[in-house]
2 protein chains.
Amino acid sequence: MRSAETPLIRSLPLFRDMAEANFDTLMRGAYLQTFPPQIELITEGDPSDFLHVVIDGSVELFAGWNGRETVMATVRPISTFILAATIRNAPYLMSARTLEKSRIVLLPSVDVQAVFDVDAAFARAVVTELAQCYRGLVKHTKDLKLRTSVERLANYLLRKYTAAGAPAALDLVIEKRRLASYLGMTPENLSRAIKSLQAYGVTIEGSTVRISDPADLIGLAKPTPRIDDAAH
Amino acid sequence: MRSAETPLIRSLPLFRDMAEANFDTLMRGAYLQTFPPQIELITEGDPSDFLHVVIDGSVELFAGWNGRETVMATVRPISTFILAATIRNAPYLMSARTLEKSRIVLLPSVDVQAVFDVDAAFARAVVTELAQCYRGLVKHTKDLKLRTSVERLANYLLRKYTAAGAPAALDLVIEKRRLASYLGMTPENLSRAIKSLQAYGVTIEGSTVRISDPADLIGLAKPTPRIDDAAH
DNA sequence: CTATTGACTTGATAATAATCAAACCAGAGC
DNA sequence: GCTCTGGTTTGATTATTATCAAGTCAATAG
């Protein structure tokens with residue numbers, strides 16, 4: 001690949017510290033592709049041929065079993081996904097689809113593995129990234145196991161609200177049915193959960209969220225850094 | 001630390017390939033300690049001072065929120081826990097307690113980080129280990145989100161049954177209330193789930209599990225490698 | 001402008017799981 | 001042996017969540 005996106009990728013924590021020569025190796029084998037919305041990029045169970053980097057657009061990671069399906073995460077620029085499968089050279093555990101028109105860089109897993117084996121800085125960066133992903137998933141699991149659906153929604157809204165700097169109006173970016181799936185509930189249940197948060201000063205009209213009394217909502221949500229902090 | 005356990009630790013995938021000098025550095029700063037049962041080794045939120053290696057006994061990783069508590073994992077010899085917190089130098093997301101009398105090696109996080117920075121082989125081993133942990137957690141999350149409690153129990157039993165080589169009688173090792181918590185349900189609910197599996201040839205008396213018709217149970221459980229395989 | 005589509009909502013009902021309370025039971029200590 | 005303790009089970013009830021069905025609504029294609 002030879003394109004304007006190369007410096008963008010290079011600036012990611014994952015690629016920032018590696019040797020120039022190794023980065024070049026990765027880029028030489030890379031493909032930059034543009035996908036339309038609703039395209040299934042990878043399917044769980046398939047061998048992990050590529051490490052993916054979302055440059056533009058958004059990608060949903062999801063998993064299915066026995067006719068059911070659940071959203072595991074939404075990936076937005078600029079970040080990678082299915083790093084763990086690539087590193088372990090194991091089949092994907094999740095599927096991925098584009099939510100909108102997206103530009104994605106595909107790095108052949110063999111190249112990633114080869115560079116991983118020779119470039120210590122890259123290996124260390126991979127560790128940091130993976131540890132972050134792992135901790136994110138620990139938080140998600142705690143959220144699911146320790147909270148009811150209304151509590152999960154309340155905390156989700158507070159996280160977005162805080163991240164956006166406590167704005168008067170907040171956009172819900174994600175479709176409600178996908179949010180419901182991510183939070184581990186049905187769309188109907190989410191609809192009712194939203195209603196029940198009205199008592200705490202939350203109104204959601206279309207995709208616009210308003211939180212009139214954050215303190216009140218916090219009283220219900222009881223957020224904790226060990227579940228709700230983005231960093232850590 | 002200077003003890004008989006050193007070669008045991010050295011043989012772990014995590015430490016196998018690192019330079020002898022760096023391994024010695026780690027061991028020099030290490031403590032081997034014996035803990036009685038029910039001792040809280042670490043508390044979530046605390047800074048990650050040590051990487052722990054369970055040599056003997058067993059340790060439960062758990063997390064709490066708002067008066068509730070859930071079992072996240074059980075760690076048995078020989079393996080490490082809270083690697084991610086150590087690497088990221090971030091507070092623990094989970095607490096840990098001994099389940100029985102246990103011998104545990106404590107490796108100061110500063111040493112682990114220092115060696116991680118200079119020993120590429122160790123860094124790569126950490127990646128492999130972390131990727132494995134991450135994928136294990138993805139599977140656990142899929143299990144929780146895609147299955148009912150009876151389905152989770154059925155698959156849990158099949159995993160243990162298969163791992164043990166399909167024995168006539170299988171020991172349930174873990175206390176039922178802890179299993180219930182791990183599987184995301186109450187003890188009462190687990191008790192009823194066990195009963196409902198009798199229709200599929202499962203009997204559990206005390207801690208002894210018998211599966212008279214695995215095929216029948218598989219028909220209910222519908223295990224998939226993407227959730228239920230230990231490897232991958 | 002109308003028809004269609006798909007997301008979202010609402011209501012009714014059913015399934016699932018949690019809670020509360022009371023036994024039951026096995027092991028540890030006396 | 002007994003008693004105590006804590007895990008487990010059972011039953012009754014409630015809470016939570018899912019399912020099914022019918023509607024609303026907004027965007028869009030024709």
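Quick note on labels: first sequence line is chain A, next is B, and so on, each numbered from 1.
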(request) Check every nucleotide of DNA chain D for an atom under 4.0 Å from a heavy-atom of chain A, then give the first and the last such nucleotide from 5' to 3'. (result) D/dT17 to D/dC20
(message) For the CD1 atom of A/Ile104 and the OG1 atom of A/Thr80, what is their distance to the nearest 0.5 Å?
(response) 12.0 Å
(message) Less than 3.5 Å apart, any donor N or O on the side chain of A/Thr203 or A/Gln198 sitting next to an acceptor on the other?
(response) no
(request) Using a cut-off of 6.0 Å, state whether more than 12 heavy atoms not belonging to A/Phe15 lie near its atom CZ. (result) yes
(message) Can you confirm whether A/Lys176 is buried at NZ, in the sense that more than 12 heavy atoms of other residues, nucleotides or ligands lie under 6.0 Å from that atom?
(response) yes
(request) Please list, in 5' to 3' order, the outermost nucleotides of DNA chain C lying under 4.0 Å from any heavy atom of chain B. (result) C/dA17 to C/dC20
(request) Decide, yes or no, whether a salt bridge links B/Glu44 with A/Lys142 under the criterion of side-chain N to carboxylate O below 4.0 Å. (result) yes
(request) Starting from the 5' end of DNA chain D, give me the residue, B/Glu175 or A/Thr186, whose nearest nucleotide shows up first. (result) B/Glu175
(request) Please test B/Glu151 against A/Arg68 for salt bridge (charged side-chain N to carboxylate O under 4.0 Å, His left out), starting from the C-alpha separation and ending with a verdict. (result) CA-CA 13 Å; B/Glu151 289 165 344; A/Arg68 299 165 212 168; 2.8 Å; yes
(request) Would you sort out whether A/Arg135 and A/Asp229 count as a salt bridge (charged side-chain N to carboxylate O under 4.0 Å, His left out), showing the intermediate values? (result) CA-CA 11 Å; A/Arg135 288 169 64 86; A/Asp229 265 22; over 6 Å; no
N/O donor-acceptor pairs under 3.5 Å from side chains in residues 211-220 of chain B, not counting sequence neighbours:
from     : atom 1 : to       : atom 2 : distance (Å)
B/Ser212 : OG     : B/Gly201 : O      : 3.1
B/Asp213 : OD1    : B/Ala215 : N      : 3.4
B/Asp213 : OD1    : B/Asp216 : N      : 3.3

